[in-house]
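In what follows, chains are A, B, ... by sequence order, proteins preceding strands, each numbered from 1. The analysis underlying the following values was restricted to heavy atoms, covering all of them including side chains, and did not include hydrogens, waters or symmetry mates.
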Protein chains: 2
Amino acid sequence: MTGQQIADAKAIAASKSHSEAERRRRERINNHLTKLRSLLPNTTKTDKASLLAEVIEHVKELKSQTSIIAEKVPVPSEIDELTIDNTSDDEGRIVIRASLCCEDRSDLLQDLIKTLKRLRLRTLKAEITTLGRRVRNVLFVTGEDHHSISIHDNQQMVNHWRNVIEEALKTIVEKTNNGDDYSFASIKRQKNK
Amino acid sequence: MTGQQIADAKAIAASKSHSEAERRRRERINNHLTKLRSLLPNTTKTDKASLLAEVIEHVKELKSQTSIIAEKVPVPSEIDELTIDNTSDDEGRIVIRASLCCEDRSDLLQDLIKTLKRLRLRTLKAEITTLGRRVRNVLFVTGEDHHSISIHDNQQMVNHWRNVIEEALKTIVEKTNNGDDYSFASIKRQKNK
DNA sequence: TACAACACGTGAAGC
DNA sequence: TGCTTCACGTGTTGT
């Protein structure tokens, strides 16, 4: 074989593998599109562009649905959250409502208890909801008796404690899941067929 | 110009418009892909195939989320539904629970009332939830006094009434929205930006 | 004939 | 260098 022939053969082989790779790529993309089509309702015999348009609409629809429901029901959301509000209980005592949402982990509850204990706070009520691997905690906390947060009519003090609680819980929310078990049993997910 | 030249010019023009059309098509598809990418969380700089794979996962995720939530909370679903169950109230009286889900419309409630009245049924309780344009009604109905459904221990009679109610409500669910106003105020949808 | 949608192979760019 | 991804223009098919 001459050098020219070898070079040609190499070029042909390269071109072949190239076109084959490209074919595989197209296959992958099209398979995904087919799968997407099957996930959508009433979406047969539409072209690629329209299919994608419908996927967009569907995703938006589902997103808005979940967020609407989340407004009514305190289910865990996909993203980490932490909001602090202050209310007051029947006796006019200052109560801070802390709602946090994060990935569930085995030591989450421990962390919360420890943190609140360290801050000398009392948890009046805790609403805990899990959804898949996400967990939402809504805590109603107040100070222990004779705690500065118990003193009424002091907006500055309340704001101070809001900040303290926010910072403390922030580190808990931001702590990443260490791969342990979850602290609460998860709701069974519907099979994705 | 010779005939040959004219033919060539035509061919060139055709080829040009063809390639331009193809470019527009690609553009449309890619724009949709970009939009999809923006709708997903944490999905920058991934290739097309992986992007679509993530879209699939995301759609599945959202779907299972909404269905899990729907199990816990009686929110309206996307598809029309009608399920009939029989329970019994405190006094052991037969009560039939009818849950129906359909597009909301102004005369839906009227239809329900009329139908139940026609069947000489009494509605003990009605739970009504709207979500977007969808509405879910959960009705707890029983017979009027001395109605045959009030007679206990007659499984055949109960089944008969289940069928009667199912058929009657089926026509209501299947009645298409005539474009009128909705009978209930709809929950505001989150803006799709 | 013309248009729309698709699969294909190829050149270019990034790693 | 080879491998991957993309955009491009073209051939083909169905309407």
Side-chain angles (χ1 to χ4, degrees), chain A residues 1-64 78-79 176-177 179 192-193, chain B residues 1-64 78-79 176 192-193:
Chain A
M1 258 204 267
T2 69
Q4 183 59 42
Q5 278 174 324
I6 292 173
D8 284 357
K10 268 198 176 180
I12 289 173
S15 171
K16 189 182 167 191
S17 87
H18 182 33
S19 64
E20 277 173 358
E22 183 62 15
R23 153 135 67 252
R24 280 193 298 272
R25 174 177 167 272
R26 277 193 300 265
E27 222 170 70
R28 241 179 309 147
I29 293 176
N30 284 336
N31 285 341
H32 286 151
L33 288 175
T34 312
K35 205 160 195 171
L36 269 176
R37 177 174 279 116
S38 74
L39 286 177
L40 261 57
N42 309 329
T43 313
T44 31
K45 59 194 177 205
T46 50
D47 62 82
K48 284 186 192 179
S50 319
L51 169 64
L52 287 175
E54 289 188 40
V55 170
I56 292 173
E57 286 312 304
H58 200 243
V59 170
K60 282 186 179 176
E61 184 77 16
L62 287 175
K63 271 197 170 188
S64 78
E78 267 184 290
I79 51 168
T176 51
N177 191 339
N192 294 323
K193 56 171 180 181
Chain B
M1 257 207 267
T2 69
Q4 184 58 43
Q5 279 173 324
I6 292 174
D8 285 357
K10 269 197 174 178
I12 290 172
S15 170
K16 190 182 167 190
S17 88
H18 183 34
S19 64
E20 276 173 357
E22 184 61 15
R23 151 133 72 254
R24 280 194 299 274
R25 174 175 166 273
R26 277 194 301 264
E27 223 169 69
R28 243 179 306 146
I29 293 176
N30 285 335
N31 285 341
H32 286 151
L33 287 175
T34 311
K35 205 161 197 171
L36 269 177
R37 177 174 279 114
S38 74
L39 286 178
L40 261 56
N42 309 330
T43 314
T44 31
K45 58 193 176 211
T46 50
D47 63 83
K48 284 187 192 178
S50 319
L51 169 65
L52 287 176
E54 290 189 40
V55 170
I56 291 174
E57 285 311 304
H58 200 242
V59 169
K60 282 186 180 177
E61 183 77 16
L62 288 174
K63 271 198 170 185
S64 76
E78 267 183 289
I79 51 168
T176 51
N192 293 326
K193 57 172 178 179

Task: Atom pair CD1 (A:Ile56) and NZ (B:Lys35), whose distance is rounded to the nearest 0.5 Å - done: 6.0 Å

Open item on the list: Can you tell me how far apart CG (B:Leu39) and CD (A:Glu57) are? Round to the nearest 0.5 Å.
Closed with: 9.0 Å

Open item on the list: Please compare B:Ser50 and B:Glu20 by the position of their nearest nucleotide in DNA chain D and report the one closer to 5'.
Closed with: B:Ser50

- [ ] Identify whether any heavy atom of A:Ser15 sits under 4.0 Å from a base atom; if not, whether one sits that close to sugar-phosphate; answer base, sugar-phosphate or nothing.
- [x] sugar-phosphate

What pairs of nitrogen or oxygen atoms, one from the protein and one from nucleotides 11-15 of chain D, lie under 3.5 Å apart?
{"from": "D:dG11", "atom 1": "O6", "to": "B:His18", "atom 2": "NE2", "distance (Å)": "2.8"}

Task: Stretch residues 25-34 of chain B: residues that reach within less than 4.0 Å of DNA chain C through a heavy atom - done: B:Arg25, B:Arg28

Task: Residue list, side-chain contact (heavy atoms from CB on, under 4.5 Å) with A:Ala49, at least two apart or on another chain - done: A:Asp47, B:Arg28, B:Ile29, B:His32

Open item on the list: Counting only side-chain nitrogens and oxygens, does B:Lys16 get under 4.0 Å of the OP1 or OP2 atom of D:dG9?
Closed with: no

TODO: Could you list the residues that satisfy side-chain hydrogen bond (donor to acceptor under 3.5 Å, both in side chains) with B:Arg25, not counting sequence neighbours?
DONE: B:Glu22

TODO: Would you please name every residue forming a side-chain contact (heavy atoms from CB on, under 4.5 Å) with B:Thr46, sequence neighbours left out?
DONE: B:Arg37, B:Thr43, B:Ser50, B:Leu51, B:Glu54

TODO: Please tell me if the side chains of B:Leu33 and B:Leu52 come closer than 4.5 Å, counting only heavy atoms from C-beta onward.
DONE: yes

TODO: Using the closest heavy atom to pick a nucleotide of DNA chain C for each, name whichever of A:Ser19 or A:Ala49 lands nearer the 5' end.
DONE: A:Ala49

Task: Gap between atom CG of B:Leu62 and atom NZ of A:Lys60 - 0.5 Å precision - done: 14.0 Å

TODO: Can you measure from CD (A:Glu27) to CZ (A:Arg24) and round to the nearest 0.5 angstrom?
DONE: 9.0 Å

TODO: Taking heavy atoms of chain A and a 4.0 Å limit, find me the 5'-most and 3'-most nucleotide of DNA chain C within that range.
DONE: C:dA5 to C:dA12

